[in-house]
Amino acid sequence: MPPPAASVGPSCGLCGASAIVHWQRRLTDAEFAAHLEWETGRRERALALTDPQAPPPDFGPLPLPQGCTTTVFACAAHAIALDAAAQIHAKDCTAPSTSDLPGCNCTPEPPQPDPEPDTPDGSVVLPPGWTTRG
Ligand SMILES: [Zn+2]
Ligand SMILES: [Zn+2]
C-alpha cells in the first residue's frame, strides 16, 4: 500500500501545493526582528547554562539583515525563472505572485562573486605531463 500523499515538506507560497523549487529572499523587517529576538534568546539561554568560571562562549556578532535570508518555495506552476531563482531577492519581493510570474517585483541582488582562488592569479600549477582539461 503506497504511503498517503500527505503534503509533507515545503509548500508553494502562493497556492500551497507541494513545492518543487525554491529561492532565497532577504528577511522582512518583522522577520528579521523575530530572528534577532530568537538569536538573542538562544545566546542568553546558552550563557545561562555555561560554567560561570569558564570563559564566556564566543557567539560572534549578532546577525545583520544583509546576512540573513529566508527560503521561498513554489510549485511548478508558480515558479519564477531559473535565473531569478539563483539570485537573492529583496525583502519586499512578493514572488510567487501571479501578476509577476515568471518574474517578480524586485530587482534581485547580483550573484555573489566566486570565493577567492587559492593561488593569487587563479592558476593551478600542475606537475609536468598534467593538463587542466581533457
Ligand atoms: Zn503554486
Ligand atoms: Zn524578487
Side-chain angles (χ1 to χ4, degrees):
M1 205 166 121
S7 63
V8 289
S11 58
C12 174
L14 191 60
C15 71
S18 265
I20 60 160
V21 298
H22 60 85
W23 58 91
Q24 297 294 311
R25 170 175 65 68
R26 292 299 175 197
L27 301 181
T28 63
D29 293 345
E31 286 168 341
F32 180 73
H35 176 60
L36 198 60
E37 191 179 311
W38 177 87
E39 175 64 18
T40 306
R42 184 185 73 82
R43 294 180 181 204
E44 281 169 3
R45 285 191 300 277
L47 268 178
L49 292 173
T50 53
D51 179 354
Q53 305 297 324
D58 179 15
F59 295 117
L62 280 169
L64 295 169
Q66 58 266 37
C68 297
T69 57
T70 187
T71 306
V72 180
F73 295 96
C75 68
H78 299 132
I80 60 174
L82 179 63
D83 287 353
Q87 296 172 291
I88 298 176
H89 290 252
K91 64 182 179 183
D92 55 357
C93 178
T94 57
S97 169
T98 43
S99 53
D100 299 313
L101 288 172
C104 67
N105 68 325
C106 82
T107 304
E109 295 173 20
Q112 298 298 308
D114 289 334
E116 291 291 315
D118 287 340
T119 49
D121 63 355
S123 65
V124 177
V125 180
L126 294 171
W130 289 64
T131 54
T132 48
R133 54 181 76 110

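When a ligand or atom number is given, it counts from 1 through the structure's own listing order. Note that these values count all heavy atoms, side chains included, but never hydrogens, waters or copies made by symmetry.
For the pair Thr70 and Gln24, the minimum side-chain heavy-atom distance is 4.5 Å or more. Under the 4.5 Å side-chain criterion, counting only non-hydrogen atoms from C-beta, Leu27 is not in contact with Pro65.
His78 contributes no side-chain N or O that, together with a main-chain N or O of Ala19, makes up a donor-acceptor pair within less than 3.5 Å.
Remark: Glu39 CD to Glu44 CD distance equals 10.5 Å, nearest 0.5 Å. Here Cys106 contributes atom SG and Asp100 contributes atom CG; the two are 9.5 Å apart, rounded to the nearest 0.5 Å. The NE2 atom of His35 sits 9.0 Å away from the OG1 atom of Thr40 when rounded to the nearest 0.5 Å. Note that CZ of Arg42 and CG of Leu47 are 10.0 Å apart. Values are rounded to the nearest 0.5 Å. Atom CG of Asp92 and atom CZ of Arg25 lie 9.0 Å apart (nearest 0.5 Å). One finds the CZ atom of Arg43 at 9.5 Å from the CH2 atom of Trp38 (value rounded to the nearest 0.5 Å).
Near the Zn ion (ligand 2), less than 2.8 Å away, sit the protein N, O or S atoms His89 ND1, Cys93 SG, Cys104 SG, Cys106 SG. If you look at the Zn ion (ligand 1), the protein N, O or S atoms less than 2.8 Å from it are Cys12 SG, Cys15 SG, Cys75 SG, His78 ND1.
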